Amino acid sequence: ETGVTQSPTHLIKTRGQQVTLRCSSQSGHNTVSWYQQALGQGPQFIFQYYREEENGRGNFPPRFSGLQFPNYSSELNVNALELDDSALYLCASSLSGRAVGTGELFFGEGSRLTVL
Amino acid sequence: QKEVEQNSGPLSVPEGAIASLNCTYSDRGSQSFFWYRQYSGKSPELIMSIYSNGDKEDGRFTAQLNKASQYVSLLIRDSQPSDSATYLCAAVHSGGYQKVTFGTGTKLQVIP
């Protein structure tokens with residue numbers, strides 16, 4: 001059984017650029033959630049994908065967008081990067097997107113984004 | 001008001017002692033609660049889940065839930081230096097999708 005993998009692990013961008021982060025979910029998991037974790041803070045929910053559709057969204061602007069593919073892998077895209085977007089971006093996979101939540105998330109190691 | 005609140009710490013306990021970590025939540029619609037452990041520079045990992053009032057024990061860990069008081073806690077018995085990490089409390093609101101709301105975490109330091 002493979003775990004959640006994310007790429008790239010580290011990247012540096014400049015303000016105004018665009019970035020794409022990728023995530024492969026754990027085998028058998030059909031739901032992917034993305035979180036942003038700033039230094040010293042807890043993870044903040046960005047959005048969730050279930051069966052290739054956005055299933056819920058946190059308080060993030062539209063320049064944060066995503067995709068889920070038929071194999072349940074996912075991408076997070078951020079346009080017009082701002083300095084405050086510097087953070088660890090975590091992908092988490094789980095089972096059952098629409099059922100009452102179990103909240104049992106399996107996280108990847110994250111992508112650390114630095115915006116200069 | 002944050003939906004899930006924790007004291008950021010650090011909480012320092014001597015090796016072998018009981019560490020007590022606390023969390024309160026504001027959304028009365030929250031039905032499921034979780035504790036995640038996050039080592040420095042690593043991603044969170046699930047260590048305990050609790051769904052009903054009372055205590056749930058798993059090895060050295062005991063989770064406690066009081067929905068009337070909107071309070072969740074985690075006790076770590078016989079604390080070890082390897083338990084030194086940030087502990088994140090999380091809640092899931094029932095109905096709809098699995099939005100997991102995390103607290104800011106409590107940093108635990110176990111002193112040898």
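Because the structure is predicted, anything quoted here is derived from the model rather than measured.
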Compile the donor-acceptor pairs under 3.5 Å between side chains in residues 7-17 of chain B and protein atoms, sequence neighbours left out, one pair per line.
unit_1: B/N7; atom_1: OD1; unit_2: B/G9; atom_2: N; d: 2.8
unit_1: B/S12; atom_1: OG; unit_2: B/Q109; atom_2: OE1; d: 3.2

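For residues 32-94 of chain A, every residue pair satisfying the disulfide bond (SG atoms under 2.5 Å apart) rule, not counting sequence neighbours, is listed here: A/C23-A/C91.
Between B/F102 and A/Y35 there is a side-chain heavy-atom pair separated by less than 4.5 Å.
When hydrophobic clusters are built by joining Ile, Leu, Val, Met, Phe, Trp and Tyr residues whose side-chain heavy atoms come closer than 4.5 Å, directly or via intermediates, B/I76 is grouped together with B/F33. The hydrophobic cluster containing A/L105 also contains A/L88, counting ILVMFWY residues as joined when their side-chain heavy atoms lie under 4.5 angstrom apart, directly or transitively. Both A/L113 and A/F47 are assigned to one and the same hydrophobic cluster, defined by single-linkage of ILVMFWY side chains at heavy-atom distances under 4.5 Å. Hydrophobic clustering of Ile, Leu, Val, Met, Phe, Trp and Tyr side chains at less than 4.5 Å, counting indirect connections, keeps A/I46 apart from A/Y50. Transitive grouping of hydrophobic side chains (ILVMFWY, heavy atoms separated by less than 4.5 Å) keeps A/V4 and A/Y89 in distinct clusters.
Within a 6.0 Å radius of CZ in B/R77, more than 12 heavy atoms belonging to other residues, nucleotides or ligands are found. Few gaps surround CG on A/N71; more than 12 heavy atoms of other groups in view lie less than 6.0 Å from it. The environment of A/L116 atom CG is dense: over 12 non-hydrogen atoms of other residues, nucleotides or ligands sit within 6.0 angstrom. Heavy atoms from other residues, nucleotides or ligands lying under 6.0 Å from CD1 of B/I111 number more than 12.
Contacts from residues 35-48 of chain B to chain A, taken as heavy-atom pairs separated by less than 4.5 Å, involve B/Y36, B/Q38, B/K42, B/S43, B/P44, B/L46 in sequence order. Residues of residues 60-70 of chain A lying under 4.5 angstrom from chain B, judged on non-hydrogen atoms, do not exist.
The CD atom of A/Q41 sits 11.5 Å away from the OG1 atom of B/T86 when rounded to the nearest 0.5 Å.
Closest approach of B/L88 and A/P43 over heavy atoms only: CD1-CD, 3.9 Å.
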